[in-house]
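Numbered from 1 within each chain, the chains take letters A, B, ... in sequence-line order.
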There are 2 protein chains.
Amino acid sequence: MSIFPRPQPPAACADCRLRQTQGFQPVTEEELACIQAFRSGTRKVAAGRAVIAELGDPVNLFTLYAGWAFRYKTLSDGRRQILNFLLPGDFIGLQAEFANTATHGVEALTDAQLCVFPQSGLWDFVRRNPKLGYDITWLSASGEQVVDENLVTVGQRNAAERIATLLIRLARRAERAGLVDGDGAFEFPLTQQHIADALGLSLVHTNKTLRKLTQLGLHEIRDGRLRIVKPGALAALADYAARPLRPQPLI
Amino acid sequence: MSIFPRPQPPAACADCRLRQTQGFQPVTEEELACIQAFRSGTRKVAAGRAVIAELGDPVNLFTLYAGWAFRYKTLSDGRRQILNFLLPGDFIGLQAEFANTATHGVEALTDAQLCVFPQSGLWDFVRRNPKLGYDITWLSASGEQVVDENLVTVGQRNAAERIATLLIRLARRAERAGLVDGDGAFEFPLTQQHIADALGLSLVHTNKTLRKLTQLGLHEIRDGRLRIVKPGALAALADYAARPLRPQPLI
DNA sequence: CGTTAATTTGAAGTTTATCAATAACAGTGG
DNA sequence: CCACTGTTATTGATAAACTTCAAATTAACG
């Protein structure tokens, strides 16, 4: 029995656990019905397995309901770049939808539960409910912002700054997703290899730098959980100006 | 008189020079009318001036009609990351729209001509014409793909590979935008500093690496124009698999 | 022309990668 | 419960890539 349960999405979207949190925008009854009608099912993906294969034609869109995942791209010689991490509520598969073929893979970082939507139904869904189409644009634009940030991090920051930036941003997003518990810690399923691949660093250098930050007392990783110990110091290192994360649409 | 004229957008969207090329998806009469009604004017921005200020509340969306621009973010100590380059037909300002405050700046790389749309009118525009809303999602998702690629480049490739990747991708996009002339060359307004800022390299190292590629005969930059001399060799260096660029929606 | 911006080059210094190995840990079957 | 096995984390040593500093050359422009 895991300490991090991964509940299956309920049959009725109205009972969605995520919608009961502050992290997501409210919807009308009618919108909820549209979303429910659009959803074709649910799926469980085990940790380490593909949600979307890096090559091949995707046929589904997903909303991550529980667990963690990440988007990545691989070069032909095996080098892998993690583009971003996905948390509950994130919408998956849009880029592929508009490229008609997957341009990146999505892998489950933990066991994950997903809501499934048929790719072929997207246009119809948007046509019937422009507001939800607008929400999808919102999600797409905000996904791009996350990647923008990551590009700045990888392009301009040194190793310590990169790690500080990653930790602090994940903590913010985990907070919005309601994953942070009473003592300020949250599940942190990334291995150092994931961190390295996300930040464009070697595994060894990632380890040494992470260790340095730990010894400075900036953060703690124990039992698969991360706690930010000195938010101010980490934020300074990351050149991070806190702005409140806004609730996001949930499809 | 410049060798690269920057025509002003015509009064009627029906006369749009861009729509006469193969690079963009066709629209119906009705859609064209919606776009025309959405457009609030045109604007000229001189090379080096801001299209969207990095801080502050943006009030407009734009389509780049002629000229080049780039999106960027700056850290508080001045380090700058160029997120991507913008070519004619690219839509500008979506991310800011959904963040309600600019999260990045957009600067004209050359003199630029733009079509202007009121930010506040976007929802109404989408509501009236879901198909065009869908197109905007398309543009947003495809913008994210470009940034995805750049993140892979900066995170995983070495200096020579980064430069090869940048040159080859810009050449592809320039081709789609109809900017490549008979002898396979196109306007290339980037300074080495821009290249460095886009690739996360120092100016000096960018110069030395660029020079090395030139001496290998892979490309030529002369009189502000770039010609790819050995596409195959450049593509191999960039681990680039050519896939035809699809026509994009044009708002 | 004269002035500023952009490019080019050499030399020295730092960061990060690579190599090689060990230690800690998690899960499995006996 | 323990040995076994594969994954993950840690550490030291060396090499390579890249940055920084400083300065000269070339190009662009009013």
TODO: Can you figure out which of C:dA17, C:dT7, D:dT10 approaches the side chain of B:L203 most closely?
DONE: C:dT7
Open item on the list: Could you tell me how far apart A:E161 (CD) and C:dT15 (P) are, to the nearest whole angstrom?
Closed with: 11 Å
Open item on the list: Using a 4.0 Å heavy-atom cut-off, does A:G200 contact any base of the nucleic acid, only the sugar-phosphate backbone, or nothing at all?
Closed with: sugar-phosphate
Task: Minimum-distance nucleotide (side-chain atoms of A:K208 versus C:dT8, D:dA9, D:dG12) - done: D:dG12
TODO: For B:T191, answer base if it contacts any base atom (sugar-phosphate contacts may also be present), sugar-phosphate if it contacts only those atoms, and nothing otherwise; contact means non-hydrogen atoms under 4.0 Å.
DONE: sugar-phosphate
TODO: Specify the separation, in whole Å, of atom CZ of A:R222 and atom P of D:dA9.
DONE: 16 Å
- [ ] Please report the C-alpha distance between A:F70 and A:H194 in whole Å, then the side-chain angles of each, then the deciding distance to 0.1 Å, and finally whether the ring pair (Phe, Tyr, Trp, His ring centres under 6.0 Å) criterion is met.
- [x] CA-CA 9 Å; A:F70 61 90; A:H194 290 122; 5.3 Å; yes
- [ ] Calculate the interatomic distance between A:H205 atom NE2 and D:dG12 atom C1'; express it in whole Å.
- [x] 15 Å
- [ ] Send over the distance from A:I195 CD1 to D:dT7 P, rounded to a whole Å.
- [x] 19 Å
TODO: Measure from CD1 on B:I221 to P on D:dT26 and round the result to the nearest Å.
DONE: 19 Å
- [ ] Return no unless some side-chain N or O of A:Q193 is found under 4.0 Å from OP1 or OP2 of D:dT8.
- [x] no
Open item on the list: Measure NZ/A:K212 against P/D:dT11 and give the value in whole Å, please.
Closed with: 13 Å
Open item on the list: On a heavy-atom basis, which atom in A:F85 and which in A:A198 lie closest, and how many Å separate them?
Closed with: CE1-CB, 3.8 Å
Open item on the list: Tell me whether the rings of A:F186 and A:W68 are parallel (<30°), tilted (30 to 60°) or perpendicular (>60°).
Closed with: parallel
Open item on the list: If I take atom CZ in residue B:R79 and atom C1' in nucleotide D:dT20, what distance separates them, rounded to the nearest angstrom?
Closed with: 14 Å
Open item on the list: Can you tell me which nucleotide in D:dT20, D:dC18, D:dG12 comes closest to the side chain of B:A159?
Closed with: D:dC18
TODO: Answer with base, sugar-phosphate or nothing: what part of the nucleic acid does B:L201 contact at a heavy-atom distance below 4.0 Å?
DONE: sugar-phosphate
- [ ] Compare side-chain N and O positions of B:N207 against OP1 and OP2 of C:dT7 and report whether any pair is under 4.0 Å apart.
- [x] no
Open item on the list: Nearest to the side chain of A:V204, heavy atoms from C-beta on, is which of C:dT9, D:dC18, C:dT18?
Closed with: C:dT18
Open item on the list: Whether A:R211 contacts D:dT11 is assessed here as follows: a side-chain N or O lying under 4.0 Å from the phosphate OP1 or OP2. Is that the case?
Closed with: yes
Task: B:Q192 and its side-chain hydrogen bond (donor to acceptor under 3.5 Å, both in side chains) partner, picked from B:D197, B:T206, B:T209, B:N207 - done: B:N207
Open item on the list: Between C1' on D:dT20 and CG on A:N158, what's the gap in Å once rounded to a whole number?
Closed with: 15 Å
Open item on the list: Quick one, B:Y240 with B:R172, criterion side-chain hydrogen bond (donor to acceptor under 3.5 Å, both in side chains). Give me CA distance, side-chain angles, the key distance, then yes/no.
Closed with: CA-CA 11 Å; B:Y240 180 79; B:R172 294 304 305 289; 2.6 Å; yes
